[in-house]
**Student:** 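Next up is a structure, given as structure tokens.
Excluded from the calculations below are hydrogen atoms, water molecules and symmetry mates; all remaining heavy atoms, backbone and side chain alike, are included.
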Amino acid sequence: MTFGLRAALLLGVQLVLSLAAPAIPNSFFYQDYLHGHKAIPFSAVKLQVDSAQPTVFSVRGGNATVPCRFWHEPEISSPRGVRVKWSWRPAADGGRERDVLVAVGSRSRGFGAFRGRVQLRRGFPGDATLLMTDLLLNDTGSYRCEVVDGLEDKSTSVYLELRGVVFPYQHPGGHYHLSFLGARQACEEQDSTLATFPQLLRSWKEGLNWCNAGWLADGTVQYPITRPRAPCGGQGLAPGVRSYGRRHLHLHRFDVFCFSSSLRGKVYYLQSSHKMNLTDAQQACQEDGAQLAKVGQLYAAWKLSGLDHCDAGWLADGSVRYPISSPRRNCGPPEPGVHSFGFPPPQHRHGVYCYKSGDH
């Protein structure tokens, strides 16, 4: 049989088979692992995913509702089994997503530090909203809602931002002593976390003015200026958040901007008939059922609870500070804030700020 005749016969067989096959316009089959490996037709129905708002705000210890919904176009008559996955890109590590929750049908599973704190709302068909409880300082970041329906995969993102206070912090030895890892540890020791750029920008808009550069969570070094002046980049530059860009995380040394949010306890100035050295101050707080307040706790009490006291007192890091919400004569600078006397010798005598947790 010649090659031309063999090709003609093969073409004829293919034509007969194609005419005999059932027609499924605009469709194909795939294996759905969520449905026991059954072949399911996939038609021109399109999956859509959306969020009602791009940013959600909350506070430490509070709750958050992170919206997400999905639907099909055109609308389908019966629900289809889909897979919903929430993932998180932390503000301090913008390159790597981490799993938060995966749900298939009525089953769901949380991951890592989110386990026991997250669930899907499921308030209506297509509701994939994430409910979060007992928020942590480090929960700030971008949350991605991904919906998988067979071979279709659509997603949307929502940014979770905690309300709180950004404050500059320096090493007891002076300015520009902290590497990036040292800065992160310093913030954690003061009941806070490294501030993100959005948090610093918001604080600048609220009036934060600080001439010393500090680390942020993304590894950049920046500082906020509301009143340009010669020692802070020059008077010719416009107000703004000025950046040194990314710096070497181990070799370079700067201060740091920390972030703290709401407290579950109370910061207070311990009334005493006499001033105390640092050791006596620690003991006085303990005898009152409390502990020396940390810097982040004092800032949070000032910013979020309006703590206002003109007397300076010891804090846990060995610094002496006092919070002013209503500036007045004989109480320091004319601006509200937490004012500092630095790190005096521990034998010096001052008042003390204590912190009593909500468990007491």
Side-chain angles (χ1 to χ4, degrees), residues 137 164-195 210-215 253-260 263-305 307-325 327 330-333 335-360:
L137 282 177
V165 57
V166 172
F167 62 94
Y169 190 78
Q170 71 177 68
H171 188 274
H175 287 299
Y176 296 172
H177 278 62
L178 297 171
S179 66
F180 178 78
L181 297 180
R184 182 166 62 190
Q185 180 179 349
C187 289
E188 291 174 352
E189 290 174 351
Q190 300 311 314
D191 192 44
S192 59
T193 188
L194 280 165
W210 197 255
C211 196
N212 297 313
W215 291 104
R253 299 289 189 272
F254 294 95
D255 293 343
V256 62
F257 288 99
C258 302
F259 172 81
S260 186
L263 302 173
R264 293 186 172 179
K266 177 184 178 181
V267 175
Y268 61 98
Y269 183 83
L270 182 63
Q271 299 294 337
S272 176
S273 59
H274 61 281
K275 303 296 184 182
M276 295 164 276
N277 61 34
L278 180 56
T279 300
D280 292 339
Q282 292 171 333
Q283 183 175 350
C285 287
Q286 292 173 358
E287 292 175 352
D288 201 48
Q291 59 187 6
L292 276 173
K294 299 179 179 180
V295 177
Q297 293 168 342
L298 184 66
Y299 268 96
W302 162 74
K303 178 71 173 181
L304 304 175
S305 303
L307 183 63
D308 183 284
H309 203 87
C310 200
D311 293 310
W314 289 107
L315 296 179
D317 65 340
S319 65
V320 173
R321 308 172 193 251
Y322 65 103
I324 295 295
S325 296
N330 302 321
C331 284
E335 302 86 11
V338 174
H339 305 306
S340 176
F341 284 96
F343 296 86
Q347 66 271 20
H348 283 195
R349 295 185 174 274
H350 299 279
V352 59
Y353 286 93
C354 303
Y355 172 74
K356 188 173 293 186
S357 69
D359 298 332
H360 287 75

**Student:** Kindly compute the distance separating NE2 (H350) from CE (M276), expressed to the nearest 0.5 Å.
**Tutor:** 11.0 Å
**Student:** Evaluate the side chain to side chain contact (heavy atoms under 4.5 Å, CB included) criterion for residues Q190 and L315: first the C-alpha distance (whole Å), next the side-chain angles of each, then the deciding distance (0.1 Å), finally the verdict.
**Tutor:** CA-CA 10 Å; Q190 300 311 314; L315 296 179; 6.0 Å; no
**Student:** Over 60° means perpendicular and under 30° means parallel, so classify the ring planes of F167 and Y169, tilted if in between.
**Tutor:** perpendicular
**Student:** Any chance the side chains of E189 and Q185 put a donor and an acceptor closer than 3.5 Å?
**Tutor:** yes
**Student:** Working to the nearest 0.5 angstrom, can you tell me the gap between S305 OG and Q297 CD?
**Tutor:** 12.0 Å
**Student:** Could you walk me through whether L292 and L278 pass the side chain to side chain contact (heavy atoms under 4.5 Å, CB included) check?
**Tutor:** CA-CA 10 Å; L292 276 173; L278 180 56; 4.1 Å; yes
**Student:** Looking only at atom types and distance, does a side-chain atom of D255 sit under 3.5 Å from a main-chain N or O of Y176, one as donor and one as acceptor?
**Tutor:** yes
**Student:** Report the distance from atom CG of L137 to atom CG of L194, rounding to the nearest 0.5 Å.
**Tutor:** 11.0 Å
**Student:** Using side chain to side chain donor-acceptor pair (under 3.5 Å) as the criterion, list what pairs up with D191, not counting sequence neighbours.
**Tutor:** R60
**Student:** With sequence neighbours excluded, tell me which residues meet ring pair (Phe, Tyr, Trp, His ring centres under 6.0 Å) with F180.
**Tutor:** W215
**Student:** Counting distance only, does the side-chain N/O of S192 pair as donor-acceptor with the main-chain N or O of C187 below 3.5 Å?
**Tutor:** yes
**Student:** Might you work through the side chain to side chain contact (heavy atoms under 4.5 Å, CB included) test for K294 and Y355, ending with a clear yes or no?
**Tutor:** CA-CA 8 Å; K294 299 179 179 180; Y355 172 74; over 6 Å; no
**Student:** Minimum heavy-atom separation for S340 to G342, with atom names?
**Tutor:** OG-N, 2.8 Å
**Student:** Provide the full list of ring-ring contact (aromatic ring centres under 6.0 Å, His included) pairs with a residue in residues 269-290, sequence neighbours left out, each pair given once.
**Tutor:** Y269-H309, Y269-Y353
**Student:** Quickly, which of C354, P344, S319 forms a side chain to side chain contact (heavy atoms under 4.5 Å, CB included) with W314? Name it, please.
**Tutor:** P344
